[in-house]
Peer 1: 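What follows is a structure written as structure tokens; I'll ask about it next.
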Amino acid sequence: MKRLRNNRNITGLLFVSPWIIGFLIFTAFPLLYSLFLSFQQVKITTDGIKTKFVKFGNYEYAFTVDGTFLDKVQTYLQEMVISVPIIIVFSLIIALLLNQKVKFRGVFRTIFFLPVIIASGPVIKELIDQGITTIPSIEQYAIYQSLNDNPEGFFNGILLYLIKNLIVILWYSGVQILIFLAALQKMDKQIFEAAKIDGASNWEFFWKITLPSLVPMIVVNLIYTIVTYSVFSLNPIIEHIQKNMFKVDTGYGYASALSWIYFLIIAAALAISVGAMTLKRKKNYT
Amino acid sequence: MQTKTQHLNKYYFKTKRMFLGMQGTDGLLFKLLIYGLLIGIGFVYLYPLLYMGVYSFKSLDDLLNPLVNWIPTQFYTGNYEQANKVMDFFSTLMETLYVTVLPALAQTAVAAVVGYGLARFDFKGKKIIFVLVLATFIIPPQVTLIPRYIFFNELNILGSLSAFLLPATFGQGLNSAIFILIFYQFFRAVPKALEEAAQLDGAGHFRIFFTIALPMALPAIIISFLFSFVWYWNETYLAAIYFGDALTTLPLQLQKFVATYQKMFPAEMGVSGGNQLNEGIKMAGTVLSILPLLIVYFITQRWFVEGVDRSGITGE
């Protein structure tokens, strides 16, 4: 019996082994190596790569000398704080709408999922350049003009950003809609019947039963949204890292440091948002 | 004053009843609201596509004419001829398929194997591996990019398909974690009975995997392949760095559309119109770069939209 178990043990490892090998070669080692590089000054010579230990030099450079990086991080964080909740709420609303008994549900689902298929960096960039991603003919409205006249204020800035990028923000919601929809369709219809008999309105039902049971899916979508939003190729920080990678005076070492800073920022954003969600969830149960 | 507030209250309760108080979702207003929202948002989603389509058929006269808005005066295909020349459409299309289909296949295959291993076997360290698989999803590609770049450079596979294919074959491709998760969930949901019967008949684990488990997993295979295909197709950041000038894809061609255009048709001084790049041509280029994906999507959309719940990606 023990041998049989041992046998299964080894077979299981064999099945997973391609991933383990790949992980070591293509992820774990590069991860450590780029951490190593981030503390070095890297020069590419004809004999290969020369590195010189500079302690936290690259990191200091990022926070003190390289002003554009911090600016970009700041706008990235601001835009993410605005966009991610919008994407989550919006995709939840769409999923709730599609979960009703509507005709042409398939057609609507096809439309709402379309952006996932075509949203590559160059296409979005082309669309933004053409100004198609704003709300159609928004310029004619007085509110836009008054916002545009003084874009300094905090809320004005947010509103302007929203107006200019609304379609792109909404375009990020394709996968999230499907995940919510799948979760909604799996919900037990009997709970709904029972709550209805007890006199709960649709409104109460949504807040007291539907939403709490969706919390795990909200967490999943939160992670998915933050990650895809952060690694999208139009992200200015990513462009900045790439630019520094091929610059002579900064090079691989500095670019590695930047990418590690960025990684830690993403990880912190994920930890904070997921932590907030799960804390709230625990409170609901007690 | 009294009557005014009463009036207001009455209206308030009336509207409230119409919107919220209605039990069930069969009220006319509720239906109108739902369809209104769906159609409105659907339009917002389709608007950029419509715009692209319309503008790509506009001749220069139509573009300059402020009266021509949504319907071009003539069916003008000149933009597509130009864009086709600039992007070298058919050979680029073939190259794009080459660098997307093969990694997608490799990634799907390895995700099936790994997902099966995680779902069906218990072994030491399985939990750790599972956590690591999920963790790879949140590591931004930029962090591993430079070491991989140096590594590929030493292997001399920069600018060749291997730069995409090799990580994909070992489960470290684009979003590999998601595909492993899809197969993991799928195999866990499938009853083991058939496999156990085959095992009693003396079939080995690998034979069982190939003859019983894999054919069952067809829905998961299709959905993984399609998603993988689309994501590799739309990947331009890594493609630009790994492939350099050696290989190109349609999105990459679109990225340098303006530069290529100006090289092919140098702007003649003082001569306006004629050869100048206009938004019609650019839109035609954009349409060309997404057209193959759109066709694939409309043929297979059933798999995309239904596959997500069928493959059980949302299961705990």
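In what follows, chains are A, B, ... by sequence order, proteins preceding strands, each numbered from 1.
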Peer 1: Is it the backbone or the side chain of B/Phe229 that comes under 4.5 Å from a heavy atom of chain A, or both, or neither?
Peer 2: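 For B/Phe229, there is no contact with chain A at all, as no heavy atom is under 4.5 Å.
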
Peer 1: Taking the inter-plane angle between the rings of A/Phe15 and B/Phe121 on a 0 to 90° scale, is it parallel (under 30°), tilted (30 to 60°) or perpendicular (over 60°)?
Peer 2: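 Judged by the thresholds at 30° and 60°, the geometry between A/Phe15 and B/Phe121 is parallel.
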
Peer 1: Atom OG in A/Ser34, atom CD1 in B/Ile139: separation rounded to 0.5 Å?
Peer 2: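 Spacing of OG (A/Ser34) from CD1 (B/Ile139) equals 9.5 Å.
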
Peer 1: Search all heavy atoms of B/Asn234 against all heavy atoms of A/Val116 and return the closest pair with its distance.
Peer 2: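 Of all heavy-atom pairs spanning B/Asn234 and A/Val116, the closest is ND2-O, 3.9 Å.
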
Peer 1: With a 4.5 angstrom heavy-atom cut-off, which part of A/Ser230 approaches chain B: side chain, backbone, both or neither?
Peer 2: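 Neither part, no heavy atoms under 4.5 Å.
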
Peer 1: So for A/Phe263, is it side chain, backbone, both, or neither that comes closer than 4.5 Å to the heavy atoms of chain B?
Peer 2: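 For A/Phe263, heavy atoms of backbone and side chain both lie under 4.5 Å from chain B.
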
Peer 1: Which bit of A/Gln242 is near chain B, if near means a heavy-atom gap under 4.5 Å: side chain, backbone, both or neither?
Peer 2: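 Answer is both: backbone and side chain atoms of A/Gln242 are under 4.5 Å from chain B.
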
Peer 1: Can a donor-acceptor pair be found, under 3.5 Å and without considering hydrogens, that links the side chain of B/Arg148 to the backbone of A/Pro30?
Peer 2: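 Not at all, since once roles are kept as given, no pair shorter than 3.5 Å links the two residues.
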
Peer 1: Considering only heavy atoms, which portion of B/Leu145 lies under 4.5 Å from any heavy atom of chain A: side chain, backbone, both, or neither?
Peer 2: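 Side chain only.
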
Peer 1: As an exercise: rank A/Phe205, A/Tyr33, A/Trp19 by heavy-atom pairs under 4.5 Å with chain B and give me the winner.
Peer 2: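 Looking at each option in turn, the highest pair count goes to A/Trp19.
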
Peer 1: Just how far is it from atom CZ of A/Phe26 to atom OG1 of B/Thr169, taken to the nearest 0.5 Å?
Peer 2: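 Atom-to-atom, A/Phe26:CZ and B/Thr169:OG1 are 8.0 Å apart.
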
Peer 1: Under 4.5 Å from any heavy atom of chain B, what part of A/Leu37 do you find: side chain, backbone, both or neither?
Peer 2: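 For A/Leu37, the contact with chain B is made by the side chain alone.
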
Peer 1: How far apart are the closest heavy atoms of B/Ile146 and A/Ser256, and which atoms are they?
Peer 2: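 That closest heavy-atom pairing would be CD1-OG, 3.6 Å.
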
Peer 1: Between A/Phe232, A/Phe23, A/Phe104, A/Tyr224, which residue shows the highest count of heavy-atom pairs closer than 4.5 Å to chain B?
Peer 2: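 Max contact count across the listed options: A/Phe23.
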
Peer 1: Given a strict heavy-atom distance threshold of 4.5 Å, which part of B/Trp231 is in contact with chain A: side chain, backbone, both, or neither?
Peer 2: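 Contact with chain A is through the side chain of B/Trp231 alone.
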
Peer 1: Would you mind telling me which of A/Leu114, A/Ile94, A/Ile111 makes a side-chain contact (heavy atoms from CB on, under 4.5 Å) with B/Tyr45?
Peer 2: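 Option passing the side-chain contact (heavy atoms from CB on, under 4.5 Å) with B/Tyr45: A/Ile111.
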
Peer 1: Is it the side chain or the backbone of A/Leu32 that comes within 4.5 Å of chain B heavy atoms, both, or neither?
Peer 2: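 Interface part for A/Leu32: neither.
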
Peer 1: In terms of heavy-atom pairs under 4.5 Å, which option from B/Leu166, B/Val110, B/Asn175 contacts chain A the most?
Peer 2: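 Between B/Leu166, B/Val110, B/Asn175, the count favours B/Leu166.
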
Peer 1: Taking side chain as C-beta onward, heavy atoms only, is B/Phe123 less than 4.5 Å from A/Val16?
Peer 2: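 Result yes, sub-4.5 Å side-chain heavy-atom pair found.
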
Peer 1: Given heavy-atom pairs under 4.5 angstrom as the criterion, report whether the side chain, backbone, both or neither of B/Phe152 touches chain A.
Peer 2: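 For B/Phe152, the contact with chain A is made by the side chain alone.
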
Peer 1: Could you look at A/Ile177 and say if it's the side chain, the backbone, both or neither that has a heavy atom under 4.5 Å from chain B?
Peer 2: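 Contact with chain B: side chain only.
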
Peer 1: If you count heavy-atom pairs under 4.5 Å with chain A, which of B/Lys256, B/Lys124, B/His205 comes out on top?
Peer 2: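 Most pairs with chain A among the choices: B/His205.
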
Peer 1: So, do B/Leu49 and A/Ile118 sit near enough that their side-chain heavy atoms are less than 4.5 Å apart?
Peer 2: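 B/Leu49 reaches A/Ile118 side chain to side chain.
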
Peer 1: Start with the C-alpha gap between B/Thr286 and A/Glu126, add the side-chain angles, then the distance that decides, and say whether side chain to side chain donor-acceptor pair (under 3.5 Å) holds.
Peer 2: CA-CA 7 Å; B/Thr286 315; A/Glu126 208 60 53; 4.7 Å; no

Peer 1: Return the option, out of A/Ile238, A/Leu96, A/Leu98, with the maximum number of heavy-atom pairs under 4.5 Å with chain B.
Peer 2: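 Highest number of pairs under 4.5 Å: A/Ile238.
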
Peer 1: Name the option with the most non-hydrogen atom pairs under 4.5 Å to chain B; the candidates are A/Phe36, A/Phe29, A/Trp171.
Peer 2: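 Of A/Phe36, A/Phe29, A/Trp171, A/Trp171 has the most heavy-atom pairs under 4.5 Å with chain B.
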
Peer 1: Only pairs of heavy atoms separated by less than 4.5 Å count here; which of A/Val231, A/Ile241, A/Leu97 has the most with chain B?
Peer 2: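 Result: the option with the highest number of such pairs is A/Leu97.
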
Peer 1: Nearest 0.5 Å please: distance from the CD atom of A/Gln100 over to the OH atom of B/Tyr35.
Peer 2: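 Spacing of CD (A/Gln100) from OH (B/Tyr35) equals 10.0 Å.
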
Peer 1: Taking side chain as everything from C-beta outward and backbone as N, CA, C, O, which of these in B/Ile180 sits under 4.5 Å from a heavy atom of chain A? Side chain, backbone, both or neither.
Peer 2: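 Contact with chain A: side chain only.
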
Peer 1: Check whether B/Ser289 gets within reach of chain A through its side chain, its backbone, both or neither, counting any heavy atom under 4.5 Å.
Peer 2: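 Only the side chain of B/Ser289 comes within 4.5 Å of chain A.
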
Peer 1: In Å, rounded to the nearest 0.5 Å, how long is the span from CD of B/Gln142 to CD1 of A/Ile266?
Peer 2: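 Reported value, rounded in 0.5 Å steps: 7.5 Å.
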
Peer 1: With a 4.5 angstrom heavy-atom cut-off, is it the side chain or the backbone of B/Phe209 that approaches chain A, or both, or neither?
Peer 2: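 Contact with chain A: side chain only.
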
Peer 1: Just verifying a value: how many Å separate A/Ile223 CD1 and B/Phe137 CZ, rounded to the nearest 0.5 Å?
Peer 2: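 Between atom CD1 of A/Ile223 and atom CZ of B/Phe137 there are 8.5 Å.
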
Peer 1: Where the side chain of B/Tyr116 meets the backbone of A/Gly12, is there a donor-acceptor pair that is under 3.5 Å apart?
Peer 2: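 Answer holds: no.
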
Peer 1: Which atoms of A/Phe90 are under 4.5 Å from chain B, going by heavy atoms: the side chain, the backbone, both sets, or neither?
Peer 2: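 Contact with chain B is through the side chain of A/Phe90 alone.
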
Peer 1: Below 4.5 Å, heavy-atom pairs only: which of B/Val230, B/Val296, B/Leu226, B/Leu254 has the largest tally toward chain A?
Peer 2: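 Of B/Val230, B/Val296, B/Leu226, B/Leu254, B/Leu254 has the most heavy-atom pairs under 4.5 Å with chain A.
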
Peer 1: Which atoms of A/Ile226 are under 4.5 Å from chain B, going by heavy atoms: the side chain, the backbone, both sets, or neither?
Peer 2: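 Contact with chain B: none, neither part.
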
Peer 1: Can you tell which of A/Pro18, A/Gly174, A/Ala267 has the highest number of heavy-atom pairs within less than 4.5 Å of chain B?
Peer 2: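 Of the options given, most contacts go to A/Pro18.
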
Peer 1: Check whether B/Leu238 gets within reach of chain A through its side chain, its backbone, both or neither, counting any heavy atom under 4.5 Å.
Peer 2: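 Contact with chain A: none, neither part.
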
Peer 1: Using a cut-off of under 4.5 Å for heavy-atom pairs, which of B/Arg120, B/Lys126, B/Gln255 has the most such pairs with chain A?
Peer 2: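 Highest number of heavy-atom pairs under 4.5 Å: B/Gln255.
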
Peer 1: I need the B/Tyr297 OH to A/Thr110 OG1 distance, nearest 0.5 Å.
Peer 2: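 Answer for the OH-OG1 pair, B/Tyr297 versus A/Thr110, is 4.5 Å.
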
Peer 1: Heavy-atom cut-off 4.5 Å, strictly under: side chain, backbone, both or neither for A/Val227 against chain B?
Peer 2: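 For A/Val227, the contact with chain B is made by the side chain alone.
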
